[in-house]
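Report on the following structure.
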Amino acid sequence: MLKEIFTELVVKYCHDEIIAEQLWSEIEVAYTSSERYYHGLSHLQAVYDEIKEHENLVGDISAMLFALFYHDFVYDSLKSENELQSANYAKQRLQQIGCPQTIIDKCYSLIMATKGHDRTDDNDINMFTDADISILGKDWETYLA
């Protein structure tokens, strides 16, 4: 399901399913790395489910979905610049597919906000960071899984 969502999103801007497939492959490789325990494809699915549940409150769904797919793209638990590197990577890829600068800027901001998960005046940022850590409010069995 995530692959289809991502492909539709990319094709909306570049109209090229081959590029969408290449970008998805990069995402899939990154999020299925053996070094990851939690920040994998199941995390993306969980965050997507949270976003989808409240989609009617989202101001820029394209930016939020791009942020979903790229927010943990770079992940090294021993490093402190994961968010910055992920945001920069997303920026490059969104420029590559011809996304409007407003979406690129919003996606960048959403990803950077996951560093501290601080509340802001931006509803989309608050929703995204809440979705990112929503596992903390789930039942014990879901949390343990």
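Each residue takes its place number in the sequence, starting with 1.
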Ignoring hydrogens and angles, tell me if any N or O in the side chain of [X] forms a donor-acceptor pair with the backbone of [Y] under 3.5 Å.
X	Y	value
Asn126	Asp121	no
His71	Leu68	yes
Asn123	Leu57	yes
Thr114	Ile111	yes
Tyr70	Lys91	no

Interatomic distance, [X] atom [atom1] to [Y] atom [atom2] [nearest 0.5 angstrom]:
X	Y	atom1	atom2	answer
Thr129	Arg119	OG1	CZ	7.0 Å
Phe69	Leu9	CZ	CG	7.0 Å
Lys106	Ser62	NZ	OG	12.0 Å
Leu2	Ile27	CG	CD1	9.5 Å
Met64	Ile125	CE	CD1	9.0 Å
Gln85	Lys79	CD	NZ	7.5 Å

>> What verdict does the side-chain contact (heavy atoms from CB on, under 4.5 Å) test give for Leu84 and Tyr108, after you've listed the backbone C-alpha separation in whole Å, the side-chain angles of each residue and the deciding distance to 0.1 Å?
In response: CA-CA 9 Å; Leu84 177 61; Tyr108 188 92; 3.3 Å; yes
> Does the side chain of His117 pick up a donor-acceptor pair with the side chain of Asp130 at under 3.5 Å?
Replying inline: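 There is no such pair between these side chains.
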> Going by distance alone, is a donor N or O of one side chain under 3.5 Å from an acceptor N or O of the other, for Gln45 and Asp49?
Replying inline: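 Note: Gln45 and Asp49 side chains meet the donor-acceptor criterion.
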> Could you go step by step and tell me if Ile19 and Tyr13 meet the side-chain contact (heavy atoms from CB on, under 4.5 Å) rule?
Replying inline: CA-CA 11 Å; Ile19 290 174; Tyr13 297 98; over 6 Å; no
> Considering all heavy atoms of both residues, which atom of Val47 and which atom of Asp132 are nearest to each other, and what is their separation?
Replying inline: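 Taking every non-hydrogen atom into account, CG2-CA, 3.9 Å.
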> Where is the tightest heavy-atom contact between Met1 and Tyr48, given as atom of each residue plus distance?
Replying inline: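 Closest approach of Met1 to Tyr48, heavy atoms only: CE-CE2, 3.3 Å.
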> Under the side-chain contact (heavy atoms from CB on, under 4.5 Å) criterion, do Leu94 and Cys107 qualify, and how do the steps go?
Replying inline: CA-CA 9 Å; Leu94 297 186; Cys107 176; 3.9 Å; yes
>> Tell me whether the rings of Phe6 and Trp24 are parallel (<30°), tilted (30 to 60°) or perpendicular (>60°).
In response: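 Ring orientation of Phe6 relative to Trp24: tilted.
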